[in-house]
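Here's the structure we're looking at; comments come further down.
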Amino acid sequence: MNRHRLNLLWFVATLAAALLLMLVPLPQPLEPFKPYWPALVLLYWSLESAERVGLGLAFTVGLAGDLLDGVLLGEQALRLTALVFIALRFRSRLRFFPMWQQTLAVLALLLNDRILLTVVRVFAGEALPPPSWWLSPFVGAALWPFLFLLFDDLRVRLRIP
Amino acid sequence: MALAREDSSPLFAGSVAGTLRLIFYLALAMVLMVLDHRNGWMWRARYAAAVAVEPVYRLAGLPADGVRALGVAFADRQRLTEQNQRLREDLLLANAKLNRMAAVAEQNERLKELLATQHSLGLNVQLARVIGVDLGAGRHRLMINLGARDGVKPGQPVIDARGLLGQVVEVLPTTAVLMLVTDPNHAVPVTVERTGLRTIAYGARDGDQLSLPTVPMAADVQAGDRLLTSGLGGRFPPGFPVGTVTAVGPAANGLFLEARARPSADINRSDDVLLLHDQAEPAGPPAPAASAGPPAGLAPAPAPGQPAAPAAGAAAGAAR
């Protein structure tokens, strides 16, 4: 029972931390390199414990992100729902990929996410973003193995099933 | 589908159900986006959720504050001394200028009183700190630590030490969001200081710049010209520096010249900003004159039940 609660707490804490990290600013020159943290954390959880991650959760996290970010209600909800859907669909393959293939898959997912975002923004009547806009998915994919190993390690240490 | 065979998780036992759910959520998100885009629900929702949302902003702003504090703590003595020296010199210079201006300002004030204008050179400002929060990539927005409880209202102009920074667009109870002058959705009426030409400066679509797309072909605008707020439109008070023209060229449509300008305000490095409290006087057409009729002295006495307020108001309007 206690173990179960700790487990849930850890799960929620990582999602909240991802949303918070999304808001923390980086110095101006590093700004385009900022990865999209909520997507990475949701990807990890949808690969590792798919019974807890569903489209509803992705939608809720996205809405929370939208409320914090203050851009357009529903934008992140749309992106994260699409991302989690693809990840869950290919979950059984992604899980048994070697790390480098998994990283490539994550890169593809994040790039797809950026394309979605660009489409939404263009529909909302904004200008096309500068080329540095496309750097963020690469940074996210480069961070993926470390994030994955760190989370796995923490799970073992905290003895969370 | 071939994939359904491999999927053993109960969530996706039936892939049709999964797809239907996806479509449902995507449709929901799109409906939300369209509704929000049309009438800006987001801010009503955010205002309602402010109790939960604002502490998160403070929390997310902590690292930036920490870095700033560390920068001060570990800055070497020499740099601090230099900075101190420079600030002292700036202050001395500014004070000297102020002293010289004080007499002129006083005279100006008296003359303006004679002309019965409301306009004053004094500034009614409120100091605000910028909260270091990232409001999305490529967004020309800033968050400050004052909100509705401090009397901040949407539309208030915001300046820093060098010039116009932007205006308040959204207000939460204890925080507010500024739109910077470099936002493509922002426009400010300006005059060219050297020639007095009036035009409008928009935020450029690329990068932290201003764009003046409607400069007449024959107008005399050069790189290096300073732009000031003109006060037209009634949103920004006149006379604040907005930017410096960097380049002038023909506009894409061939009918106008397009000038590019660098904003005067320190867009990326402002930590403290000033909120202007006295909004500019509304500079529209004058209030409609009182309906022609006999002079007030000859007018029939107002009906006993009716106060004379409307007539007095009209008279005041005419006097203005």
Side-chain angles (χ1 to χ4, degrees), chain A residues 16 19-28 31-32 34 36 46 50-56 58-59 62-82 84-86 88-93 114 117 120-121 123-130 132-133 136, chain B residues 1 3-4 6-12 15 18-19 21-22 24-37 40-43 45-46 49 52-53 56-57 59-64 67 131-139 141 143 170 172 177 184-185 204-208 268-269:
Chain A
L19 285 179
L20 197 62
L21 271 179
M22 179 187 77
L23 281 179
V24 171
L26 290 181
Q28 197 67 24
E31 200 61 54
K34 193 159 115 172
Y36 185 34
S46 56
E51 68 279 358
R52 272 188 304 207
V53 180
L55 297 186
F59 189 82
L63 269 192
D66 283 326
L67 267 186
L68 288 175
D69 191 308
V71 180
L72 186 63
L73 200 64
E75 177 199 287
Q76 291 192 44
L78 177 96
R79 291 159 59 196
L80 288 179
T81 312
V84 165
F85 177 80
I86 303 173
L88 287 178
R89 212 9 103 75
F90 294 106
R91 170 165 186 260
S92 34
R93 290 185 182 189
R114 274 271 132 146
L117 176 59
V120 169
R121 288 209 173 168
F123 264 107
E126 286 179 36
L128 275 180
S132 62
W133 173 254
S136 159
Chain B
M1 276 179 80
L3 286 173
E6 304 178 341
D7 264 333
S8 55
S9 64
L11 190 66
F12 280 90
S15 80
T19 314
R21 289 183 55 182
L22 173 76
F24 168 71
Y25 280 120
L26 291 189
L28 193 61
M30 282 185 201
V31 169
L32 272 180
M33 276 194 279
V34 169
L35 284 180
D36 185 40
H37 194 61
W41 272 14
M42 166 75 84
W43 285 93
R46 272 181 102 184
V53 165
V56 178
Y57 286 140
L59 204 60
L62 281 185
V67 169
I131 302 181
V133 167
D134 183 9
L135 292 175
R139 296 260 151 200
R141 306 275 166 120
M143 181 164 279
E170 307 288 357
L172 291 181
V177 176
N185 293 323
R205 288 197 159 250
D206 43 346
D208 290 340
N268 289 328
R269 300 198 314 186

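This one's a predicted model, so the numbers in the text were calculated from it and none came from an experiment. The chains referred to below are lettered A, B, ... by the order of the sequence lines, with proteins before strands, and numbering in each begins at 1.
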The interface call for Pro63(B) against chain A, heavy-atom contacts under 4.5 Å, is side chain
For [X] against [Y], the heavy-atom pair lying closest together:
X        : Y        : value
Leu26(B) : Ala82(A) : CD2-N, 4.4 Å
Leu73(A) : Asp36(B) : N-OD2, 2.8 Å
Phe85(A) : Gly18(B) : CE1-O, 3.7 Å
Thr19(B) : Arg89(A) : OG1-NH2, 3.4 Å
Ala29(B) : Gly74(A) : CB-O, 3.6 Å
Val56(B) : Leu23(A) : CG1-CD1, 3.9 Å

With rounding to the nearest 0.5 Å, note down the distance linking [atom1] in [X] to [atom2] in [Y].
X         : Y        : atom1 : atom2 : answer
Leu28(B)  : Leu55(A) : CG    : CG    : 12.0 Å
Phe123(A) : Met33(B) : CZ    : CE    : 10.0 Å
Thr81(A)  : Phe24(B) : OG1   : CZ    : 10.5 Å

- Item | Part of Leu117(A) within contact of chain B (heavy atom distance under 4.5 Å) |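 For Leu117(A), neither part sits under 4.5 Å from chain B.
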Most contacts with chain B, counted as non-hydrogen pairs under 4.5 angstrom, among Val24(A), Leu20(A), Leu72(A) =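 Counting heavy-atom pairs under 4.5 Å, the top option is Leu72(A).
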Practice prompt. Report the C-alpha separation of Leu63(A) and Leu32(B) in whole Å, then their side-chain angles, then the decisive distance to 0.1 Å, and conclude whether the side-chain contact (heavy atoms from CB on, under 4.5 Å) test is met.
Written response: CA-CA 10 Å; Leu63(A) 269 192; Leu32(B) 272 180; 3.8 Å; yes
